[in-house]
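Only one structure is covered here, and it is reproduced in the block below.
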Number of protein chains: 2
Amino acid sequence: MDPASVIDDLRDAPLFAKLLDGQLAKLATIAQPQRLAGGHTVFLQGDFADAFFLLSEGAVKVYKTFRDGRSATLRHVVPGQTFAESVLYADTYPSSAEAMEDSHVYRFATSAFRNLILDEPEIGVVLLTTMAQLMVLLNQRIEELLLPVPARLARYLLELCAAQRSPTQCRLPIAKHELAARLGTVPETLSRALNRFVRGGLIAVENDTLVVLNRPALERLAQQ
Amino acid sequence: MDPASVIDDLRDAPLFAKLLDGQLAKLATIAQPQRLAGGHTVFLQGDFADAFFLLSEGAVKVYKTFRDGRSATLRHVVPGQTFAESVLYADTYPSSAEAMEDSHVYRFATSAFRNLILDEPEIGVVLLTTMAQLMVLLNQRIEELLLPVPARLARYLLELCAAQRSPTQCRLPIAKHELAARLGTVPETLSRALNRFVRGGLIAVENDTLVVLNRPALERLAQQ
DNA sequence: CGGCTCCTTGAGGTTAATCAATCCTGGTGG
DNA sequence: CCACCAGGATTGATTAACCTCAAGGAGCCG
């Protein structure tokens with residue numbers, strides 16, 4: 001692949017946007033471009049781990065699976081974000097990752113990345129900040145799991161509206177069964193919860209578009 | 001406080017053990033020593049955040065509180081560990097921290113620390129590794145919360161035995177109601193779960209000491 | 001039209017939180 | 001020495017949440 005286009009891809013990632021050209025060039029030398037077909041598994045929980053990834057195109061989900069086949073989504077990775085950063089400590093992946101559609105990633109080998117940081121500390125600070133952000137996110141996930149399902153759903157919807165810059169309307173970016181996994185529950189329970197929201201006049205639903213009718217009530221519910 | 005003893009304290013922390021004397025000296029210049037009385041709150045969820053901490057003596061717990069007064073412990077911080085690293089990204093603390101006994105910490109202001117990393121990238125790599133480790137831990141916590149209480153308890157006990165380097169015996173380092181919070185449940189449920197373990201012949205309990213009688217069964221249960 | 005997949009609805013069972021009562025255990029003071 | 005108390009820990013009964021299994025729709029594509 002053309003080195004210049006790699007550098008462009010890296011610069012497009014918010015994570016690396018602030019780096020100087022020289023720093024990006026060095027980063028590019030250790031970035032291994034990789035195509036992923038939709039549905040393809042990037043790695044499985046427990047796999048030997050020596051690299052983390054930057055998603056440049058497509059969509060990837062990071063999830064955990066259990067004996068009984070149930071699975072819970074930890075993150076939906078969007079382009080510009082890294083995933084599997086925990087490889088910098090562990091030598092096996094603590095969760096699995098799968099491409100949800102045809103995607104493109106850059107692979108960074110742990111050891112090469114470590115050396116790069118010593119050379120260009122700015123990159124280390126950038127990744128440190130990203131990881132701090134992820135820790136806040138994981139913390140939220142934990143907090144959510146201690147709340148009942150309707151509260152988790154309310155939180156998700158409010159977040160979604162905020163992310164889509166609309167106070168009252170949003171579109172579900174993922175299928176309902178994906179959302180159920182993201183909330184740590186099953187489709188049936190999600191369906192019922194949504195239904196109760198509609199009957200309670202909190203929201204209106206049409207296909208994957210939904211409108212917030214009673215935001216205060218939704219916010220109250222999100223607290224617990 | 002004597003600079004040399006600060007450096008010694010920092011070197012004693014596994015986190016910083018590998019740093020060179022010069023690096024430790026620089027780190028020491030931005031480390032603010034601080035005493036904490038037992039029961040004292042270090043910071044509260046939502047507080048303005050501009051510093052993270054290294055615990056050098058005592059015990060600190062990081063926890064979340066909910067409207068209904070329920071609380072869940074995220075971490076029991078032991079000497080040598082840092083906490084509130086997420087401040088490197090966020091400007092408010094995502095959880096609360098409290099000294100469980102008389103303790104001593106070093107406070108690191110975010111901005112000073114960021115500058116230090118640019119000067120001494122080695123320190124950045126060290127913290128990056130620590131945060132990666134914490135992310136693995138948070139991942140485990142999430143995984144646990146999706147399991148039934150007995151499975152969480154089994155995992156905790158097995159971990160505890162491993163940590164105390166004894167295959168069959170361990171002592172609870174915290175009170176039962178603390179353990180309940182750590183497992184994301186209530187004392188009543190914990191009590192019943194322990195009771196069922198005893199009646200099932202999985203473990204034997206005497207005060208805060210417990211013996212693993214049927215490790216395979218416990219491991220099976222830990223899977224779910 | 002069949003055969004998909006996804007979503008919804010219903011009935012039933014299990015888990016665990018809640019509320020309330022009781023039981024320890026260590027400390028206190030008569 | 002013993003009654004008494006306060007706190008945590010246990011036990012029981014009840015209730016609510018939510019997972020499971022099973023059975024329907026609804027949309028989509030060959």
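In what follows, chains carry the letters A, B, and so on, assigned in the order in which the sequence lines appear, proteins first and then strands, with residues in each chain numbered from 1. The figures that follow rest on heavy atoms only: side chains count, while hydrogens, waters and symmetry mates do not.
- No hydrogens or angles were tested; on distance alone, a donor-acceptor pair under 3.5 Å links the side chain of B/Glu188 to the base of C/dC19.
- The distance between atom CG of A/Leu145 and atom C1' of C/dA16, rounded to the nearest whole Å, is 16 Å.
- Taking atom CG of A/Leu179 as the reference point, atom C1' of C/dC6 lies 14 Å away to the nearest angstrom.
- When the P atom of D/dT11 is taken as reference, atom CG of B/Leu190 falls 12 Å away, rounded to whole Å.
- Atom-to-atom, CZ of A/Arg192 to P of C/dG12 comes out at 13 Å; the value is rounded to the nearest Å.
- Remark: C1' of C/dA16 and CD of B/Glu144 are 17 Å apart, rounded to the nearest angstrom.
- Looking only at side-chain heavy atoms (C-beta outward), A/Phe113 and A/Leu27 come within less than 4.5 Å of each other.
- At a cut-off of 3.5 angstrom, the base of C/dT15 holds no donor-acceptor pair with the side chain of B/Arg152.
- Donor-acceptor pairing under 3.5 Å, judged by distance alone, is absent between the side chain of B/Arg199 and the base of D/dT11.
- The nucleotide whose nearest atom lies closest to any side-chain atom of A/Asn195 is, among D/dC19, C/dT8, D/dA13, C/dT8.
- For the atom pair CE (A/Met131) and OG (B/Ser86), the distance works out to 12.0 Å, reported to the nearest 0.5 Å.
- Out of D/dT10, C/dA16, C/dC7, the shortest distance to the side chain of B/Pro148 is found at C/dA16.
- Taking side-chain N and O atoms only, B/Thr189 has no distance below 4.0 Å to OP1 or OP2 of C/dT15.
- If you take CG of B/Asp208 and P of D/dA9, they are 11 Å apart, rounded to a whole angstrom.
- Checking side-chain atoms of B/Ser56 against main-chain N and O of B/His104 turns up a donor-acceptor pair under 3.5 Å.
- Nearest to the side-chain atoms of B/Lys176 among the listed nucleotides D/dG12, C/dG10, D/dT10 stands D/dT10.
- Between the side chain of A/Arg107 and the backbone N or O of A/Gln32, no donor-acceptor pair lies under 3.5 Å.
- In this structure, the nucleotide among C/dC7, C/dA16, D/dA9 sitting nearest to the side chain of B/Val149 is C/dA16.
- Of the residues B/Phe53, B/Tyr106, B/Phe108, the one that meets the ring pair (Phe, Tyr, Trp, His ring centres under 6.0 Å) test with B/Phe83 is B/Phe53.
- Phosphate contact (OP1/OP2 of C/dC7, side-chain N/O of A/Ser191, threshold under 4.0 Å): absent.
- To the nearest angstrom, P of C/dT8 lies 15 Å from CZ of A/Arg196.
- Comparing B/Pro187 and A/Pro150, the nucleotide of DNA chain D nearest to each residue sits closer to the 5' end for B/Pro187.
- The distance from atom NE2 of A/His177 to atom C1' of D/dA26 is 16 Å, rounded to the nearest whole Å.
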